[in-house]
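These numbers come from a predicted model, not from an experiment.
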Amino acid sequence: MRAMVLEAQKEPLQAEELPEPRPGVDQVLVRVAACGVCRTDLHVVDGELADPKLPLVPGHQIVGVVVEVGADVERFRAGDRVGIPWLGWTDGNCRFCMRGQENLCQRARFTGYQLDGGYAEYAAADHRFCFPIPDGYADLDAAPLLCAGLIGFRALRLAGDAPRLGLYGFGGAAHIIAQVARFRGQRVFAFTRADDREAQAFALSLGAEWAGDALGPPPEELDAAIIFAPAGELVPAALRAVSPGGSVVCAGIHMSDIPSFPYSILWGERHLRSVANLTRSDGEEFLAIAPKVPVRTAVELHPLTEANQALDRLRAGLVRGTAVLVPGSPGPGS
């Protein structure tokens with residue numbers, strides 16, 4: 001099968017022919033129809049997340065069709081359309097798993113990091129961690145739901161029912177979560193680089209009532225803020241923007257160093273917390289609500305062989321929404 005492979009971090013992916021994976025007893029073999037390109041993939045490739053499996057097939061926003069099932073799989077059968085997310089396996093019996101926090105399992109294995117992912121024509125995954133894809137979403141449009149949507153939704157839950165919600169960084173996750181927040185009746189304020197008029201217009205088109213400089217003040221105090229951009233300097237900015245009792249949620253798996261800040265901007269019972277991974281219940285809840293909103297994803301198509309170009313565009317902040325790789329697809333504009 002064709003695949004884009006990371007042989008060494010900080011090096012471009014290599015186009016390779018690999019043996020088609022065989023499903024284990026608890027696995028499904030999926031013919032990949034689409035795989036979203038996530039900033040986490042960029043952190044893995046760029047060496048900001050340590051110790052990936054090498055060589056590695058990246059990618060964890062995978063949509064495809066089951067072509068074969070393992071001996072113990074009863075949940076899916078050949079022909080079913082499924083999604084394969086970041087969380088690929090947990091031990092199920094540690095203290096975190098036993099209290100409903102499988103996202104914190106210390107033995108967890110993650111798709112496109114410790115497990116081969118979806119930058120390929122086929123992927124094998126534990127069926128217990130896969131999701132049925134809601135009807136009404138094309139493969140291309142469904143791919144961003146599987147990480148940008150799932151992690152964004154977990155961050156939104158941790159931010160609480162904030163009437164005035166700030167979203168810092170308006171890319172793959174924020175463009176989905178803005179729609180969910182508006183559906184829930186929340187007011188959305190979008191924060192981008194000061195000169196990024198295109199991102200600000202994108203946010204306004206999706207229901208944000210204001211969009212502006214991430215390092216400046218909002219037009220009014222926020223009740224909560226979610227930081228999607230991996231920039232530590234946004235943490236003090238967000239703390240200054242939220243009112244007493246408000247929350248700042250850091251939604252990324254990696255962030256640059258947070259600069260020192262005065263205690264006064266944390267004081268007033270403001271909360272600062274991170275989001276780590278996802279649980280299967282997060283996925284089930286989000287994929288049930290997405291069609292009701294309905295969430296519409298903005299996607300940028302790339303053939304599988306252009307994975308490096310897609311990563312470059314994401315690194316440069318040029319992607320509006322989510323870049324999605326499609327095996328065998330024509331290039332953009334073809």
Subject >> Closest heavy-atom pair and its distance - Ala108, Gln114 >> reply: O-OE1, 4.2 Å

Subject >> Pairwise distance CG(Leu150) to OG1(Thr279) - rounded to 0.5 angstrom >> reply: 9.0 Å

Subject >> Any pair counted as side-chain hydrogen bond (donor to acceptor under 3.5 Å, both in side chains), so long as it reaches residues 140-151, sequence neighbours left out >> reply: none

Subject >> Greater than 12 external heavy atoms within 6.0 Å of Arg184's CZ >> reply: yes

Name each donor-acceptor pair under 3.5 Å that joins a side chain in residues 230-237 to protein atoms two or more places apart or in another chain, with its distance.
none

Subject >> Sequence neighbours excluded, every pair satisfying salt bridge (charged side-chain N to carboxylate O under 4.0 Å, His left out) that has a member inside residues 215-231 >> reply: Arg164-Glu220, Arg164-Asp223, Arg187-Glu220

**OP:** State whether the side chain of Tyr113 and the backbone N or O of His60 hold a donor-acceptor pair below 3.5 Å, judged by distance alone.
**Re:** no

Original post:
Would you say Met1 and Pro21 make side-chain contact, with heavy atoms under 4.5 Å?
Top reply: yes

Original post:
So, Arg182 and Gln179: side-chain donor and acceptor under 3.5 Å apart, yes or no?
Top reply: no

Subject >> Heavy-atom pair of closest approach, residues Cys35 and Ala143 >> reply: C-CB, 4.4 Å

Original post:
Below 4.5 Å, heavy atoms only, C-beta onward: do Val37 and Leu325 meet side chain to side chain?
Top reply: yes

Subject >> Thr322 versus Val319, closest heavy-atom pair with distance >> reply: C-CG1, 3.9 Å

Original post:
Which heavy atom in Glu20 sits nearest to a heavy atom in Leu29, and how many Å separate them?
Top reply: OE2-CD2, 3.4 Å

Original post:
If you draw a 6.0 Å radius around CD in Glu17, do more than 12 non-hydrogen atoms from other residues or ligands fall strictly inside?
Top reply: yes

Original post:
Which value, rounded to the nearest 0.5 Å, describes the distance between His175 atom NE2 and Arg320 atom CZ?
Top reply: 11.5 Å

Subject >> Partners meeting ring-ring contact (aromatic ring centres under 6.0 Å, His included) with Phe153 (sequence neighbours left out) >> reply: Phe286

Subject >> Within residues 210-247 or reaching into it, pairs that qualify as ring-ring contact (aromatic ring centres under 6.0 Å, His included) - sequence neighbours excluded >> reply: Phe191-Trp210

Subject >> Shared hydrophobic cluster, Val32 / Leu56 (ILVMFWY, side-chain heavy atoms < 4.5 Å) >> reply: no

Original post:
With no hydrogens and no angle check, is any side-chain donor or acceptor of Arg273 less than 3.5 Å from a backbone partner on Ser247?
Top reply: no

Original post:
Is the side chain of Asp116 donor-acceptor paired with the backbone N or O of Val57 at a distance under 3.5 Å, no angle test?
Top reply: yes

**OP:** May I ask you to test the Arg270-Val248 pair for a side-chain heavy-atom distance under 4.5 Å?
**Re:** no

Subject >> Backbone N/O of Arg2 and side chain of Glu121: donor-acceptor pair under 3.5 Å >> reply: yes

Subject >> Residues, nucleotides or ligands: over 12 heavy atoms within 6.0 Å of Arg296 CZ >> reply: yes

Subject >> Test item: Glu102 side-chain N/O and Gly100 main-chain N/O as donor-acceptor pair under 3.5 Å >> reply: no

Original post:
Can you check whether Asn103 reaches Leu87 side chain to side chain, under 4.5 Å on heavy atoms?
Top reply: no

**OP:** Report yes if some heavy atom in the side chain of Tyr137 is under 4.5 Å from a heavy atom in the side chain of Pro291; otherwise report no.
**Re:** yes

Original post:
Taking a hydrophobic cluster as the set of Ile, Leu, Val, Met, Phe, Trp and Tyr residues connected by side-chain heavy atoms closer than 4.5 Å, whether directly or through intermediates, do Val275 and Ile226 fall within one such cluster?
Top reply: yes

Subject >> Same cluster (ILVMFWY, side-chain, under 4.5 Å), Tyr119 and Val30 >> reply: no

Original post:
Checking Lys292 side chain against Pro294 main chain: does a donor-acceptor pair fall under 3.5 Å?
Top reply: no

Subject >> Path from Leu304 to Val67 over hydrophobic side-chain contacts below 4.5 Å >> reply: yes

**OP:** Start with the C-alpha distance between Arg315 and Asp46, add both sets of side-chain angles, then the distance that settles salt bridge (Lys or Arg N to Asp or Glu O under 4.0 Å), and finish with yes or no.
**Re:** CA-CA 10 Å; Arg315 188 182 289 110; Asp46 289 350; 2.8 Å; yes

**OP:** Could you state whether Ile133 and Val65 fall into the same hydrophobic cluster, counting links through intermediate Ile, Leu, Val, Met, Phe, Trp or Tyr residues with side-chain heavy atoms under 4.5 angstrom apart?
**Re:** no

**OP:** Hey, could you give me the OH/CG distance between Tyr263 and Leu239, rounded to the nearest 0.5 Å?
**Re:** 11.5 Å

**OP:** Could you grab the distance from atom CG of Leu314 to atom CZ of Arg39, nearest 0.5 Å is fine?
**Re:** 4.5 Å

Original post:
When you measure from the side chain of Asp72 to the backbone N and O of Val25, does any donor-acceptor pair fall under 3.5 Å?
Top reply: no

Subject >> Shortest non-hydrogen separation from Ile176 to Pro144 and the atoms involved >> reply: CD1-O, 3.7 Å

**OP:** Please identify each residue that fulfils ring-ring contact (aromatic ring centres under 6.0 Å, His included) with Phe170, with sequence neighbours left out.
**Re:** Phe202

Original post:
Of all heavy-atom pairs between Gly283 and Phe131, which one has the smallest distance, and what is that distance?
Top reply: CA-CZ, 3.7 Å

Original post:
Counting N and O atoms only, with roles assigned by atom type, does the side chain of Gln61 sit under 3.5 Å from a partner on the main chain of Ala142, one being a donor and the other an acceptor?
Top reply: no

Original post:
Quick one: does Ile84's side chain get under 4.5 Å of Cys130's, heavy atoms only?
Top reply: yes

Original post:
Should Asp139 and Arg81 count as an ion pair when the cut-off is N to O under 4.0 Å?
Top reply: yes

Original post:
Roughly how far, to the nearest 0.5 Å, is the SG atom of Cys250 from the CE atom of Met255?
Top reply: 4.0 Å

Original post:
Got a second to check how far Leu104's CG is from Thr90's OG1, nearest 0.5 Å?
Top reply: 11.0 Å

Original post:
So, do Gln101 and Arg95 sit near enough that their side-chain heavy atoms are less than 4.5 Å apart?
Top reply: no

Original post:
Under 3.5 Å, side chain of Glu11 to main-chain N/O of Leu6, donor-acceptor pair present?
Top reply: no

Original post:
Does the Arg193 side chain pair with the main chain of Ala199, one donor and one acceptor, at a distance under 3.5 Å?
Top reply: no

